[in-house]
Amino acid sequence: MVDYRTVKSVAVLEVNNPPVNALSYNVRQGLQDGIERANKDKEIKSIIIIGKGRTYPAGADISEFSKPHKGPNLIEVGLGIESSRKPVISAIHGTCLGGGLEIALFSHYRIALESAKVGFPEVALGLLPGAHGTQRLPRVAGMAFAMEIITSGRHVSAREALQHGILDKLVKGNLLSESLDFAASLPFSVPHNRRLRNVPAKGAENADRIFEVALNKVKQKQNGFIAPINCLKAVKAALLPYEEGAKIERELFMELLTSGQAKAQQYVFFAERAATRWYVSNEKNQKKCSAVPVKTTGVIGAGTMGSGIVVTLLRAGLPVILVEQDSQNLERGVNMIKGILQGSVNLKRMTSQQMNKCLQQLTPAQSLDSLHNVDLVIEAVFENLKLKEEIFGKLDEICKQQTILCSNTSTLDIDKIARATKRPDKVIGTHFFAPAFVMPLLENVYGTKTSGETIATVMNLGKTIRKIPVLVKTCHGFVANRMLARYQTEASFLLEEGCLPHEYDQVMEEFGFPMGAFKVGDLSGLDIGYRIRQELAKANGYTVTTDTRYIQGERFSSLADKLYELGRLGRKTGKGWYKYDRPGAKEAFVDPDVTDIILKHCKDAGIIRRKISTQEIVERSMYSSINEGFRCLEDGVASKPEDIDVIWLHGFGFPRYRGGPMYYASTIGLAEVYDRICYYHKTFPESSYWVPSDLLRKLATSGRNIPMSDWSTAATVNKSRL
Ligand SMILES: CCCCCCC[C@H](O)CC(=O)SCCNC(=O)CCNC(=O)[C@H](O)C(C)(C)COP(=O)([O-])OP(=O)([O-])OC[C@H]1O[C@@H](n2cnc3c(N)ncnc32)[C@H](O)[C@@H]1OP(=O)([O-])[O-]
């Protein structure tokens, strides 16, 4: 795992642990042995640590955090490097992250390729840089920069790192030969100030103020997360004598390591990667099916969703033909696209040059005929099956044989849409989340006839456009909206039974969602839900009015429709579940009119309101969704619990420190979740979604703690085998 070789009088320790040279047990041992060996060898004058393959070590081995500890720990290895009598040079390329950067900071010199990146991403794993990273970074880069880098986890370019003293030299070309030249220029002994423990932290004079500012920022931006706060406390401790600071860092690290948040965030790290791997059958899976190249694209519909999708494609360098029949709507869409890109320029996320390049790749058009030669089309028109069938029928005739046809539907059956074409194998759902140019999730939905090649292509496209693609099977609402429907329905019932919108939202925001269901409703617009309910009613042959209390025997709340009919469409009309200073404003205020509407609604319906506890709000919102999640696994609509969690994390802002709804259920304990679902089923028999999922029942009553990795398999085996 660490190859030792000598080049003239230099010992080269090459870390060889693909894919990212994580500092696993064997690597730590290899580094420790290598430093000792080089120090004993009289011929050796200096030591270079370098990574083989694509990168310098990208951090500790995350999979080892949950296993018993083995071999020297990273601090012991690091201290061995620092106390080496012979100068140690870290030669950096790729991504030098976390424990990797700590090893580099224990080294006496750091030289890097210009393309390299450095950073401390531990905060995203619920941790802090626990091998003295919090003590060493402020000694080279100052308190303020260290606090910013460690709490944000951002990757810093080599040039910026050089400016802040993290690196000593940038080089081009062959890193090893440049490092050997650098080594040859060094004195044989290590100067006192090259051992960072001997250097005081920079910026000590303003430390208190820097700490307060940073603390306020993390409380605002990373509310609910404990790691950023511990990161700040640890960096502040760098003002103390080295050993004392390191001791505090250790205590704060251990507090995080054993916390539920760190475990959840580490689960998320692996879940996000697992979600991009897909398997439908022995024939249709990631290993067997290859993506076809997508060089040109088309988007149909220049509304908010279509425009957002266009921006996403353009930013990834893909040319787009945007089709919208109505010239005014087309113009509005193009302006929206320009506005979004200009916003990115204003925020310095892209340059004007990059924006212009994107816009050169955009071709507005009014006829579907212009799409005859593109590789992939994404339809993003209004959620109406007839309309979509009509468009897909036309596309099938217009587009070349190989074109993949995608629908940005959020609920509709992909099989029905595919049947409108003679190429059902090339039809697939690509469900973006609003705003499409911001939200990282792409829920790809395959139908019965969708080919493996088509699936591979949209999964690949997801990565190209920097989304997190997750594959699910078609059904009404897929995974995201099928589960969300339970969550929203329970929210509306809780209003009828005793909550007010702001009370409900406060509880769910304290649980960790960025916004409660009613603020989200106002943001998306109450007309969206209204139209979906009306469409659903039409499709299923029933009517919904503001007096409707039951639909086909199921309890229904018409409160949202009452607000819609009063013109309260949300933020865009300046009033919805809340009131706003003006249409489009963001700050929501409690509206006594809404309270009156709710109270009257309850009185008319003969509902006796009661005080509802925080526990009940959380349980009914989450457990109804979780029960549906288990049904999705049971039906094979979701192939693994990680996929469901990633959908909630990146589609709905589920708090990362709770891992996702399915992981959250595992931390509560499935037996407990199952019991409460049975209780709510008894209490609310008129909501059939409370019937416990068979899979959940099997897992909860098996008498064993079945790991999440076995839940999907359990969906297909009978109880006796559990
Ligand atoms: C007593 C002392 C104790 C103190 C210890 C504290 C030490 C320290 O402060 C803590 C850390 O370093 S915490 C760590 C701080 N460092 C980080 O948080 C860095 C985390 N890593 C990354 O951010 C990205 O992987 C890179 C940007 C490195 C590459 O991105 P990319 O090119 O898109 O590649 P990709 O698709 O992302 O990964 C490829 C494969 O590698 C796998 N894998 C990756 N890193 C791993 C790791 N550290 N480990 C294990 N595995 C890791 C990944 O799962 C995937 O596997 P799969 O089976 O193929 O799915």
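Any value given below was found using the heavy atoms of this structure, including those in side chains, with hydrogens, waters and symmetry copies removed. Every number for a ligand or one of its atoms is a count from 1 in the order of the listing.
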Worksheet item: Can you tell if the side chain of Leu74 reaches within under 4.5 Å of the side chain of Arg28, non-hydrogen atoms only?
Response: yes
Item to complete: Determine, using heavy atoms of Arg54 and all atoms of ligand 1, whether some pair is separated by less than 4.0 Å.
Response: yes
Worksheet item: Any side-chain donor paired with an acceptor under 3.5 Å for Tyr56 and Ser90?
Response: yes
Worksheet, complete the sentence: Any heavy atom of Leu127 under 4.0 Å from ligand 1? The part involved is neither
Response to the item:
Logged contact type for Asp61 with ligand 1, heavy-atom cut-off 4.0 Å, is both
Worksheet item: If you measure every N/O of Ala60 against every N/O of ligand 1, is any gap under 3.5 Å?
Response: yes
Item to complete: State whether the shortest distance between N or O atoms of Ala58 and N or O atoms of ligand 1 falls below 3.5 angstrom.
Response: yes
Discussion item. Is the contact between Pro19 and ligand 1 made by the side chain, the backbone, both, or neither, using heavy atoms and a 4.0 Å cut-off?
Written reply: side chain
Discussion item. For ligand 1 and Arg277, I'd like to know whether there is a polar contact (N/O to N/O, distance under 3.5 Å).
Written reply: yes
Worksheet item: ligand 1 and Arg250, any nitrogen or oxygen pair closer than 3.5 angstrom?
Response: no
Worksheet item: When only distance counts, is His155 in polar contact with ligand 1, meaning an N/O pair under 3.5 Å?
Response: no
Worksheet item: Can a donor-acceptor pair be found between the side chains of Asp61 and Ser63 at a distance below 3.5 Å?
Response: yes
Worksheet item: Can an N or O of Gly59 be found at a distance shorter than 3.5 Å from an N or O of ligand 1?
Response: no
Fill in: Under 3.5 Å: N/O of Arg273 near N/O of ligand 1
yes
Practice prompt. Please say whether Ile62 places an N or O atom under 3.5 Å from an N or O atom belonging to ligand 1.
Written response: yes
